[in-house]
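Right, I'll just put the structure down here and ask away after.
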There are 2 protein chains.
Amino acid sequence: MGFMNGLRDAPPATAPAAGTPLPLDSEQARALLKALADPCRLQVLEALAGGERCVCDLTGALGLAQSRLSFHLKVLRDAGLLNDRHSGRWVYYRLCPEALEALQGWLAGLARQCTAPATPCCD
Amino acid sequence: MGFMNGLRDAPPATAPAAGTPLPLDSEQARALLKALADPCRLQVLEALAGGERCVCDLTGALGLAQSRLSFHLKVLRDAGLLNDRHSGRWVYYRLCPEALEALQGWLAGLARQCTAPATPCCD
DNA sequence: CTCTCACATCAACAGCGCTTGATGGGTTTT
DNA sequence: AAAACCCATCAAGCGCTGTTGATGTGAGAG
């Protein structure tokens, strides 16, 4: 789900080098950015930056209501930023580094040519 | 303005290597992400990815109402993602690559350790 | 000086996203 | 079976954010 959609249609000839994340279009980047642009969700990401953790652990560590945390976990998971793993009655969440790397690549592409001189305007 | 605030207090001893962007805290990252998480603003950024352009040029290229574009330009500028330059009665905007690089660095920091095994929970 | 142009700002409205409390499904204990 | 626990989902309420149209400001043109 999330930013990985449409991967099946990518022609192998134009595929990026192995290891590099697939380039994002504007809509995919926007979805990732929107999912990231929330203080609660950033707390979750930073709590998961050290590795996989279960929900009940996160509720305690972040001091968030269970319903509230579950809502934000769903947003992050739907965006493709988180993966989940069910074990017994617990659910473990972990960061999806591919999504973060893809977004890094998108930002790098923006900054690449932005120092070009002004295009002549209205003269 | 924006993510560059608080630079004066940074001790030189702990400053990053020359050329690398200064590390962001959660709040700075959140502000940048929030400014980015909008389709209109992404249009603006991509239009400016090729280099500096004036507002009247952007309105025509993006097909946005002048008031609307001005609103989003202000959001991006306040966040530190854009710089402006006044020339006659025109205003030229350009991307601020430092902000983009800083955000890239923040994302890279998140992805660095996230493959650690699960911390034992509730056992 | 007056008019036009480029851009910023304002007030009002509408829509979306987040929070909260309650409910439900699924799993392990007792 | 019943109880306790973990987690997801739902409906209701509300605040924040973006859009729109009008107005303000400053700089060149006539």
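Residue numbers begin at 1 in each chain, while the letters A, B, ... track the order of the sequences. Quantities reported herein were computed from a predicted structural model and do not represent experimental measurements.
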> Can you check whether A:K74 has a side-chain N or O nearer than 4.0 Å to OP1 or OP2 of D:dC7?
Replying inline: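 For D:dC7, OP1/OP2 do not have a side-chain N/O of A:K74 under 4.0 Å.
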>> Please check: side-chain N/O of A:R41 versus main-chain N/O of A:A35, any donor-acceptor pairing under 3.5 Å?
In response: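 It does hold such a pair.
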> Can you tell which of D:dC16, C:dC7, D:dT19 lies closest to the side chain of B:K34?
Replying inline: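 Closest of the options to the side chain of B:K34: D:dC16.
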>> Between C1' on C:dT27 and OH on A:Y92, what's the gap in Å once rounded to a whole number?
In response: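 Those two atoms, OH and C1', are 14 Å apart.
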> For the base of C:dT19, is there a side-chain donor-acceptor partner from A:S67 under 3.5 Å away?
Replying inline: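 No.
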> Over how many whole Å does the gap from A:D78 atom CG to C:dC18 atom P extend?
Replying inline: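 The answer, rounded to whole Å, is 12 Å.
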>> Rounded to whole Å, how long is the line connecting atom CG of B:L58 with atom P of C:dA6?
In response: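 Taking atom P of C:dA6 as the reference, CG of B:L58 is at 13 Å.
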> Nearest-Å distance, CZ (A:R85) to P (C:dT27)?
Replying inline: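 Between P of C:dT27 and CZ of A:R85: 16 Å.
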> Does the base of C:dA8 carry an N or O that pairs as donor and acceptor with the side chain of B:Q66 under 3.5 Å?
Replying inline: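 When only heavy-atom distances are counted, B:Q66 does reach the base of C:dA8 through a donor-acceptor pair under 3.5 Å.
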> Between C:dC7, D:dT19, C:dT19, which one does the side chain of B:H72 approach most closely?
Replying inline: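 Taking heavy atoms from C-beta onward, the closest nucleotide is D:dT19.
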> With respect to the phosphate group of D:dA27, does any side-chain polar atom (N or O) of B:H86 fall under 4.0 Å of OP1 or OP2?
Replying inline: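 Indeed not, no polar side-chain atom of B:H86 lies that close.
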> Any idea which of D:dT19, C:dC18, D:dA27 is nearest the B:R89 side chain?
Replying inline: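 Side chain of B:R89 sits closest to D:dA27.
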> Is the closest side-chain heavy-atom distance between A:R85 and A:V91 below 4.5 Å?
Replying inline: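 No, too far: nothing below the 4.5 Å cut-off.
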>> I want to confirm an ordering. Mapping B:D84 and A:A65 to their closest nucleotides on DNA chain C, which one lands closer to the 5' end?
In response: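 Result: B:D84.
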> Could you give the CG-to-C1' distance, from B:L69 to D:dG21, as a whole number of Å?
Replying inline: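 Value for this atom pair: 16 Å.
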> Pick the nucleotide of DNA chain C nearest each of A:G88 and A:R68; which residue has the one closer to the 5' end?
Replying inline: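 That would be A:R68.
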> Just how far, in rounded Å, is P of C:dG21 from CG of A:L64?
Replying inline: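 Rounded to whole Å, this separation is 14 Å.
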>> Using OP1 and OP2 only, check whether a side-chain N or O of A:R41 sits under 4.0 Å from C:dC18.
In response: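 Yes, because at least one side-chain N or O of A:R41 sits under 4.0 Å from OP1 or OP2 of C:dC18.
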>> For a quick check under 3.5 Å, do B:S26 and A:Q43 share a side-chain donor-acceptor pair by atom type?
In response: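 Result is no, nothing qualifies.
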> Could you state the CD-P distance from A:Q43 to C:dT19, rounded to the nearest angstrom?
Replying inline: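 It works out to 10 Å between those atoms.
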> Got a second to check how far B:R53's CZ is from B:Y93's OH, nearest 0.5 Å?
Replying inline: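 Between B:R53 CZ and B:Y93 OH, I get 14.5 Å after rounding to 0.5 Å.
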> Side-chain N or O of A:Y93 less than 4.0 angstrom from OP1 or OP2 on D:dA8?
Replying inline: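 Yes, such a contact exists.
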> Between C:dC7 atom C1' and B:L76 atom CG, what is the distance in whole Å?
Replying inline: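 Taking atom C1' of C:dC7 as the reference, CG of B:L76 is at 16 Å.
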> Under a 4.5 Å cut-off applied to non-hydrogen side-chain atoms, are A:L42 and B:W106 in contact?
Replying inline: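 Yes, side chains in contact.
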